[in-house]
Amino acid sequence: MKYQRIKGTVDILPSETGKWIYLEEIIRNVMARFNYKEIRVPMFEATELFARGIGEGTDIVNKEMYTFTDQGSRSITLRPEATASVVRCYIEESLGKKAPLTKVYYIGPMFRQEKPQKGRQRQFHQFGAEALGSADPRIDAEIIAVSVQVLKDCGINQYEVALNSVATPQVRAKHREKLLEFVRPIASQFPEVDREKIDRNPLRLFDSKLELTQQLLQGAPLLEEFYDDEVRRDFDIVKETLTRLGIPYASDPRLVRGLDYYTRTAFEIRSPLLGAQDSLSGGGRYDLLVEELGGDPTPAVGFAAGMERTLIVMEAIGKSDYGEKPLDVFVIGESEAERKQALLLAKQLRDSGKTVDLDYLARSQKAQMKEASRQNARFALFVFADDIPGGRFQLKNLASGDQQTLSVDEIIKSIKFPASSGSPS
RNA sequence: GUGGGUGUAGCUCAGUUGGUUAGAGCGUCAGGUUGUGGCCCUGAAGGUCGUGGGUUCGAGACCCAUCACCCACCCCA
């Protein structure tokens, strides 16, 4: 085989797009209910935007970006996530000056050059929402509620919401100092993979999967011990609001997000049905990002969720009926005259809104019938030369086997009501 | 980047301790007499056994290399 997909990309086949459309419809529906409007931003941006926005110290920026130089010697990067782009757009288009609160959502592909595994691709799809302009912790809860609602509407009930507050840079600085005092003396005991985190970002030690690291961290000062009144109050309001909304969560003091821009609320939604990459959705508050990227100081919250991962979970719980609409009619004719008439009938039916197909492979009537079955067509319409002058043709209901001779108008009427309403199970 | 696993027909897989013309199921195509599908029956097409070397009288099976995919580490959605 000469050409193949590049590593970490997938082809979404015609047989699979149905479930994608289904998921997208759920997302758009939920977003509409919460009054988030869709925003479409470019899939590539100046490299600098991501470097500044996501953080120079992050893995995403350091080793996972698809970066190239364009014809004008500009450094361009395929977006590894969308928040930086949304914020750039928010500033560039002065959205904050047109309305005090901006609620937007997006759906689309992201690119990260990681080693592929279950639930991890190099081109993958995320949907997410951002609310810019409010510091009210209750909108943090709304963001979480939106993400949860999509899962619910997908039929997913097995998930855990982990919640934390990563406070403010001031609080983190104080904590970091104490944490380093605790960790430094025993630094050499840490596993190699974690040891380098001590200098880079000691907070990250807490979300290590390694047993040894967790043991060494016993008794280490936790970030929450350093919360100031405001951070604590906001966090309490988020939790209280979630409870009020009936969203179960688990406080997880070890939850640290991988992107630098988070402040205060941080959350992650995980599913036990995924593999090692068990995060379905993650997000939080990023009050400093807009200013960091050159805008006026603007509080903001958001989340991003993985669509492939959501679909993996849907598969796992046996959600296979996506309410795809069957073909209404397959028109069958064999001779030249019959095929001409079939084409005309197909046009008329299509004009009336029916979904219609017919044979273009010079196949026998029997083969055409088989094709009609394969297509799951509701009706087969036979065109026989003898019937052409009378303008009445035989319409067969393929489910019941009933067959009657009808005019075009009668045909259109008799297949007006779909057999199934197309509602997914 | 580091491990482990797997590569045989379009798909899912069998192929005994290396031994003749490499198999099955599903799918595809054509038939099963009188203008009608699904089920069933018959038949057909379809494979450089991932690729390149090597060992051997003989390799789909063994060895080396290489590529691809999967899973895990790492990180994250």
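Lettering of chains follows the sequences in order, A, B, ..., and the numbering in each one begins at 1.
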Exercise for the section: Under 4.0 Å between any heavy atoms, over every strand shown, what does E81(A) touch: base, sugar-phosphate, or nothing? Just pick one. Expected result: nothing
Practice task
Remember a base hit wins even if backbone is also touched, and classify A304(A) as base, sugar-phosphate or nothing at under 4.0 Å, heavy atoms.
Solution key: sugar-phosphate
Practice task
Tell which nucleotide pairs with G18(B), taking only Watson-Crick or G-U wobble pairs whose two distances are both under 3.5 angstrom.
Solution key: none
Completion exercise
Among G37(B), C75(B), C71(B), the one nearest any side-chain atom of K115(A) is C71(B)
Exercise for the section: Under 4.0 Å between any heavy atoms, over every strand shown, what does K118(A) touch: base, sugar-phosphate, or nothing? Just pick one. Expected result: sugar-phosphate
Handout entry: Short side-chain N/O contact from Q368(A) to OP1 or OP2 of U36(B), under 4.0 Å
Key = no
Completion exercise
5'-most contact on RNA chain B (nearest-nucleotide basis), R309(A) vs D387(A), goes to D387(A)
Handout entry: G-U wobble or Watson-Crick pairing nucleotide for C62(B) (cut-off 3.5 Å, both distances)
Key = G54(B)
Exercise for the section: Answer with base, sugar-phosphate or nothing: what part of the nucleic acid does L398(A) contact at a heavy-atom distance below 4.0 Å? Expected result: base
Handout entry: Test salt bridge (Lys or Arg N to Asp or Glu O under 4.0 Å) applied to E410(A) and R392(A), step by step
Key = CA-CA 9 Å; E410(A) 289 166 337; R392(A) 296 170 68 80; 3.4 Å; yes
Fill in the blank from the handout: When both distances are under 3.5 Å in a Watson-Crick or G-U wobble arrangement, the nucleotide paired with A68(B) is U6(B)
Problem - salt_bridge(E114(A), K63(A)) N-O dist < 4.0 Å - result: no
Practice task
Hunt down the Watson-Crick or G-U wobble partner of A30(B), both distances under 3.5 Å, from any strand shown, or write none.
Solution key: U42(B)
Problem - Nearest to side-chain heavy atoms of R374(A), which nucleotide of U28(B), U36(B), C74(B) - result: U28(B)
Practice task
Just call it for K7(A): base, sugar-phosphate, or nothing, with non-hydrogen atoms closer than 4.0 Å on any strand.
Solution key: sugar-phosphate
Practice task
Report yes if a side-chain nitrogen or oxygen of Q117(A) is closer than 4.0 Å to either non-bridging phosphate oxygen (OP1 or OP2) of A72(B); otherwise report no.
Solution key: yes
Fill in the blank from the handout: 5'-most contact on RNA chain B (nearest-nucleotide basis), G275(A) vs R112(A), goes to G275(A)
